[in-house]
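Encoded as C-alpha cells, the structure appears first; notes follow it.
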There are 2 protein chains.
Amino acid sequence: MSTMQDVARRAGVSVSTVSYALSGARPVSAPTKARVEQAMSELGFRPNAFARGLASRRSRTIALIFPATEAGISGTVAEFVSSAAGTARSHGYHLVLWPFAAHEAEEIRDLVHQGMADGVLLMEVCLQDDRVEALHAAGVPFTMIGRTEHVEGLTFVDIDFDATVRQAVAHLVDLGHRRIGFLNHSATSHAAGYAPTLRAERAFGEAMRERGLEAHAVLCDENPAAGRRAMTELLERDPAMTAVLTMNEMATFGAAVELQARGLRVPADVSVLSIATSPGVGALSNPPLTTMHAPGSELGRLAVLSLIHLIEEPDGHPPEPSLLVCDLEPGGTTAPPP
Amino acid sequence: MSTMQDVARRAGVSVSTVSYALSGARPVSAPTKARVEQAMSELGFRPNAFARGLASRRSRTIALIFPATEAGISGTVAEFVSSAAGTARSHGYHLVLWPFAAHEAEEIRDLVHQGMADGVLLMEVCLQDDRVEALHAAGVPFTMIGRTEHVEGLTFVDIDFDATVRQAVAHLVDLGHRRIGFLNHSATSHAAGYAPTLRAERAFGEAMRERGLEAHAVLCDENPAAGRRAMTELLERDPAMTAVLTMNEMATFGAAVELQARGLRVPADVSVLSIATSPGVGALSNPPLTTMHAPGSELGRLAVLSLIHLIEEPDGHPPEPSLLVCDLEPGGTTAPPP
DNA sequence: TTGTAAGCGTTATCAG
DNA sequence: CTGATAACGCTTACAA
C-alpha cells in the first residue's frame, strides 16, 4: 500500500499538496493537481482511513443501533437498512450496524467517544427512552427512527401513525364499514412503551370516536397463532364486526385463518386492511392483502441525510423532522360490508 | 475525552505501561495494573479506535458484503446478519455492512486496503465469482457464505444443498411419493451462476435419478405470481404429480394458490415441502408449511469465527469449511399421496 | 500557489 | 517489570 509520501515524491510535491489536492480544502493549481492525480492512480493510492480519522477526528462512519433480538429483521427494517447504507455511502459515509439491547446506552456513547462513529441512528425508539436521554446528554449527534413523547430539540424521522391510521379508518368507513376492530402489536411492546404500538392505539381510538363508532382494539404477539386468538377475541367483543385493521404482519395471517375457519369470507364478510406493512407481504395471501406500505427506504434515506446534516453543521439549525404516511396498496381484502 | 497520557500521568506510570496493562501483551505487576485500572475508570478512559488502528494496522472490524438490491433482506439473511454481528462483537470486532453490487470487487479490495476492515464476509457467492478471484489475489482474508465451484484454499460456510435436497426427496419418497416436482429460484439467478440454484437443481436431478424417478424442475422468479405460473408448468409436465419441493419462499405461496385454484388439496392431493426456508415463513400459510429451515444464525456464527481465525492466525492451517444441512420442521403440507 | 512541521493517540521496539 | 521514543499516515495551521 502506498502512502501520501509516495504520491508526493512521485508527483514532485509536498504531502500537504497531495492532501489538499484530494480534499479540495485549499486551491491547487490545475497542472499540479493533474500531476498528483496521475501519481495517485499510478500507485493505486488509497488514503488510510485510520490516519485520516486520527488527524481529522472524524470517522465518516454512521452507526445504526438495531435491536439485538433473535426474531430477525422485518422487511421494512431491511429496506431501511439497505437504503440507509446506500445513502450513507453516496455521501462518503459508512454504515455500521451495532446490535445493542435497549438498555445499553453507555456502550453506545462510549463507542462514539472512541471515535467509531460520527453519529448514530437510533431504531425502535420508545415514548420514554433512556438511550435518547443518554445520547443527548453526551452530545452525540443522533437521529431517531421513531420518536419519544417529547421531541423538542431532537431530530427524527418516523411514520405518521396518526395520519396512517386515520386514512385506514377512512378507507374502511368510506366502503361502508361501521364495526371495525384493531389488531395491534404485542402487550410486551405496549408495556415497553414502544411508540408505534401506543400511537396507533391512540389514533385508532380517536378516529373511531370522532365518527361516533366503537373502538375495539386488542394487543397481540407477533405470530400467526396469537393472531388467531386475537381475532377470536375481537369477534367476541363484537360478533357483527365487518372489518379488521391490523398492524402486525405475522398475526394478520393468523387472523385470516381464524376468519376462514369460522366460515367468514374475506372480503365478502369481513375486510382486512394491514397497515405499516413490509413490501411483498401482501402478495403472500390469497386474495392478496390490502396494505398500507411502510416507507422503509424513504425513512432510511431521510434519516441518514438529517444525521449527516447534524454531523456536518453542528451549529446550523436542526434538520426538519420527517413524518411519512404509509401509502395504500390496493389488494383484494377490502370491500363493502355484506 | 481522556487519553493514555492522562491515564499514565494519573497512575504515575508511562504510556507504554498503560498500553500493556490494557492489552496484556507484556506482564505488568499487579499493583501497577491496579493503579492503571483505577486511573482509567476514574477518567472514563476509552482507547481511541483510530490511533489504535493506525499504530497496530488492524481495524478490528469485519465487513459483510451484502447484495445491494431493492428487494430487501430475507429472514435467513437477517438471522445471519444478526448472529454475525453478535458473534463479532463478542470477539471484539465490529461488523460493518457494505452494500455492493456483484461486480464491484475492486471497491471492496480498496476499502480493505484503506484499513476499513481486517477481513470480509462474502455473501451470495456464484459458482464462478470474480470477487473471489479478486479478493484472493489481493490477499484479503475472507470467508464465503456459499462457495464457488472450486474451493481449494478458500474458506467458506454454506448450506449443504446436496444433503438437504436428498433428505427432502427422501422424506417425500418415504411418504410414498413417486412423482415429484421441483420449484427452484429464478432463471436470472441460474444464468448468473448463483450457486444454490445450480447445486439444488443438480442434487434434485441426481436424487431422483438414483431412485429411477423422473425429475421435473422449473425455474421461477421470486414472487407469488411467478409461483402460480411455475406450478402450472409443473402440472403440465406431469399432471399426476403428487408432491412439490420448493426452494423459493415467495413463489411457494403462489404455488399453493394455484393448487387451491385447481381444486387440489394440500396435502391430501399434493404435498408441498419448502427447503432452505426462513424462520416463521412456514407459519404464514394454512395449514402451516412443512419446511426445512435454513441455518442462518449458525452460518453467521461460524462464518465470523472462521474469518477471525483467518485474520488472527494468517499462517495457521486454514479453518475447516462448514456445510450445514437444513433441518426438517414438520408442518401440515406433507402427507402420503392419494 | 506551495512547503514545513506539529500534532492526532496508540503500539511496539528499544533500552534499562 | 518499566520507561523513552520512534513510528503509523494523514490533516491543518503557519510560513514562504
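Naming: A, B, ... by sequence-line order, numbering from 1 per chain. The shown structure was predicted, so the numbers you read here are calculated from the model rather than taken from an experiment.
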Original post:
Can you find a side-chain donor-acceptor pair between A:S14 and A:T17 that sits under 3.5 Å?
Top reply: yes

Original post:
Is a side-chain N or O of A:S19 found less than 3.5 angstrom from the main chain of A:V15, in a donor-acceptor match?
Top reply: no

Subject >> Axis deviation across the helix from C:dT1-D:dA16 to C:dG16-D:dC1, five-pair ends, to the nearest 10° >> reply: 40°

Original post:
Angle class for the B:H309/B:H317 ring planes (parallel below 30°, perpendicular above 60°, tilted otherwise)?
Top reply: tilted

Subject >> Side chain of A:T17 (C-beta onward), nearest among D:dT2, D:dG3, C:dG3 >> reply: C:dG3

Subject >> Letter per nucleotide, 5' to 3', of nucleotides 9-16 of chain C [B base touched, S only sugar-phosphate touched, - untouched; heavy atoms, 4.0 Å] >> reply: BBBBBB--

**OP:** Output yes when a side-chain donor or acceptor of A:S59 lies under 3.5 Å from a complementary backbone atom of A:G53, and no otherwise.
**Re:** no

**OP:** Starting at CD1 of B:I159, measure out to CG of B:L324 and round the result to the nearest 0.5 Å.
**Re:** 8.0 Å

Subject >> Over 12 foreign heavy atoms within 6.0 Å of CD, A:E320 >> reply: no

**OP:** Just say parallel, tilted or perpendicular for the rings of B:F142 and B:H136, cut-offs at 30° and 60°.
**Re:** perpendicular

Subject >> Approximate separation, where rounding is to 0.5 Å, of B:M116 CE and A:F50 CZ >> reply: 6.5 Å

Original post:
Please give, in whole Å, the distance from D:dG9 C1' to B:R58 CZ?
Top reply: 18 Å

